[in-house]
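Below is one structure, written out as structure tokens; the observations come after it.
Naming: A, B, ... by sequence-line order, numbering from 1 per chain. Scope of the values below: all heavy atoms of this structure, side chains included, with no hydrogens, waters or symmetry mates.
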2 protein chains.
Amino acid sequence: MDAIDFDLEQFLPFRLNRAAEFIALRFAGAYKAKYGLTRPEWRTLAALGSSGRMTATEVGAHSTMHKTKVSRAVFALEERRWLKRTQHEDDRRVEHLELTAAGAKAYRELTRLARDYSAELETLLGKDGLKALSSGLAAVEGVMAKPR
Amino acid sequence: MDAIDFDLEQFLPFRLNRAAEFIALRFAGAYKAKYGLTRPEWRTLAALGSSGRMTATEVGAHSTMHKTKVSRAVFALEERRWLKRTQHEDDRRVEHLELTAAGAKAYRELTRLARDYSAELETLLGKDGLKALSSGLAAVEGVMAKPR
DNA sequence: AATAGACAGTTACATTTGTAACCATACTCT
DNA sequence: AGAGTATGGTTACAAATGTAACTGTCTATT
């Protein structure tokens, strides 16, 4: 079969996916094995930790997760007492989400791990590799931001 | 909360994942909606289409998928008559996988779409963005290849 | 040749995910 | 005010996935 004109190995979506899985999986060990968090949970924690009080919808927008993922993550974090909800006074559909003291503590610990991992990535990929990757991603992000 | 020292938005694993989802999803429409293929199925098809006859294990290595994913994808493609298996003469554990004529045809059609999408990406990301992304990914791939 | 270990691929089960339908509340327009 | 529609969030169900155990075959060692 004509191997000439298409090679999965060079196809950008494939490469991007594979790289993302690889990079993410390494870090997932930190929150998964150590804290038993799922990815949506970690993302929710990180969103609330860095931006403070937000609604579920905002968390979803911030970390590009579907409502249902956010909803489930919020439940899980709430059960752990890492997060608390409060009703919006004016609109009872909305609920504000906020980390508890315990949640904030976990967040700080995890961000420390995240920073360590970032540093590790820099040495692994090299300054140039990192820079290239980052600016490539910025290009993608530019496209994502567009109205479509 | 201290938003200063960590921002999910800048965390590479997060950015990479988000970009990969975005890029992959756009193309997934092509094989998902149009042919009803799952991603593992498309990858298997692509591996066999570009490299010809392979074993399931080889497909997995080539496209970094777990055995079970490959196994299920092979089943699905076989049911569609896009793929046939033949036993290895010397080792009856092994089976060779190969596309049928129908499978090869589908592969060709899909590679056409893949090429179109690649071209679209080039215009979307710009020559420079694409180049940066590609070399950034190459850096990651270099790390992946290492013995670990 | 007999036992033990490795390997290819499959299957079973639990977990995660995506889709769509669903509540409840709020807004808009007449 | 009342009908229709939009929105925040949850739930139910189906499909996809990961983990681990399993079957069958091969290889090595004795």
Side-chain angles (χ1 to χ4, degrees), chain A residues 17-18 20-22 24-26 28-29 31-33 35-45 47-48 53-79 83-98, chain B residues 17-18 20-22 24-29 31-33 35-45 47-48 53-80 83-98:
Chain A
N17 239 309
R18 189 177 49 179
E21 264 163 38
F22 177 78
L25 222 62
R26 284 193 152 217
Y31 55 79
K32 212 171 233 161
Y35 293 87
L37 289 177
T38 65
R39 182 148 58 191
E41 284 158 30
W42 148 244
R43 281 196 187 176
T44 301
L45 184 75
L48 292 173
R53 209 166 84 145
M54 296 170 90
T55 69
T57 303
E58 286 165 349
V59 170
H62 182 77
S63 51
T64 39
M65 293 193 296
H66 190 82
K67 298 183 206 195
T68 63
K69 273 192 185 172
V70 177
S71 173
R72 294 189 256 241
V74 166
F75 253 93
L77 292 175
E78 195 182 22
E79 249 179 20
L83 173 156
K84 67 176 185 298
R85 324 184 187 216
T86 54
Q87 268 200 348
H88 186 99
E89 323 77 68
D90 296 341
D91 187 341
R92 283 189 306 186
R93 289 171 305 179
V94 177
E95 45 195 25
H96 296 291
L97 307 172
E98 206 169 355
Chain B
N17 239 309
R18 189 179 48 179
E21 263 163 37
F22 176 78
L25 221 63
R26 284 192 151 217
F27 183 63
Y31 54 78
K32 210 171 235 164
Y35 292 88
L37 289 177
T38 66
R39 182 148 62 191
E41 284 159 28
W42 148 243
R43 281 195 186 177
T44 302
L45 184 75
L48 292 173
R53 208 167 83 147
M54 295 169 92
T55 69
T57 303
E58 286 165 349
V59 170
H62 183 76
S63 49
T64 39
M65 293 192 296
H66 190 81
K67 297 177 197 203
T68 62
K69 272 192 186 173
V70 177
S71 174
R72 295 188 255 241
V74 166
F75 253 94
L77 292 175
E78 194 182 25
E79 248 179 19
R80 244 178 234 260
L83 173 157
K84 65 176 188 295
R85 324 184 188 217
T86 54
Q87 270 201 344
H88 187 99
E89 321 80 66
D90 297 342
D91 186 342
R92 284 187 305 183
R93 290 171 303 181
V94 178
E95 47 194 25
H96 297 291
L97 306 172
E98 208 169 354

- From the list C:dT25, C:dT10, D:dG9, which nucleotide is the closest neighbour of the side chain of B:F75? C:dT10
- Task: To the nearest Å, give me how far apart CG (B:D91) and C1' (D:dG24) are.
- Result: 11 Å
- OP1 or OP2 of C:dA8 less than 4.0 angstrom from a side-chain nitrogen or oxygen of B:S71, does that happen here? no
- Item | Residue met sooner reading DNA chain C from 5', once B:T68 and A:R72 are mapped to nucleotides | B:T68
- Rounding to a whole Å, what distance do you find between B:E21:CD and D:dA16:P? 17 Å
- Query: Can you check the A:E41 CD to C:dT15 P distance for me, whole Å?
  - Reply: 14 Å
- Query: When the distance from CE of B:M54 to C1' of C:dA8 is rounded to whole Å, what number comes out?
  - Reply: 15 Å
- Would one find a side-chain N or O of A:R85 under 4.0 angstrom from OP1 or OP2 of D:dT10? yes
- Task: Starting at atom CD of A:E89, determine the distance to atom P of C:dT25, rounded to an integer number of angstrom.
- Result: 16 Å
- Message: Please report the distance, rounded to the nearest Å, between CE in A:M65 and P in D:dG8.
- Response: 16 Å
- Task: Kindly say whether, by distance alone, the side chain of B:R39 makes a donor-acceptor pair under 3.5 Å with the base of C:dG18?
- Result: no
- Tell me what B:T38 touches on the nucleic acid: a base, only sugar-phosphate, or nothing, going by heavy atoms under 4.0 Å. sugar-phosphate
- Message: Need to verify one output field. Residue with the more 5' nearest nucleotide on DNA chain D, A:K67 or B:R93?
- Response: A:K67
- Using modelled atom types only, decide if a donor and an acceptor are shared between the side chain of A:S71 and the backbone of A:K67 within a distance under 3.5 Å. no
- When the nearest nucleotide of DNA chain C is assigned to A:R92 and to B:H96 on a heavy-atom basis, which residue is associated with the more 5' position? B:H96
- Separation of C:dA24 atom C1' from A:D90 atom CG, nearest Å, is 17 Å
- The nucleotide from C:dT25, C:dG9, D:dT10 with an atom nearest the side chain of B:A56 is C:dG9
- Query: Taking the six-membered ring of B:F27 as reference, does the NZ or CZ atom of B:R43 fall below 6.0 Å from its centre and within a 45° cone about the axis?
  - Reply: no
- Message: Parallel, tilted or perpendicular: which one describes the rings of B:H88 and B:H96, with boundaries at 30° and 60°?
- Response: tilted
- Query: Is there a donor in the side chain of A:E41 and an acceptor in the side chain of A:T44, or the other way round, less than 3.5 Å apart?
  - Reply: no
- Message: I want to check one thing: is the phosphate of C:dT16, taken as OP1 and OP2, less than 4.0 Å away from some side-chain N or O of A:K69?
- Response: no
- Carboxylate-amine/guanidinium contact A:K84 A:E78, below 4.0 Å: no
- Message: Without decimals, in angstroms, what is the distance between A:E95 CD and C:dC23 P?
- Response: 18 Å
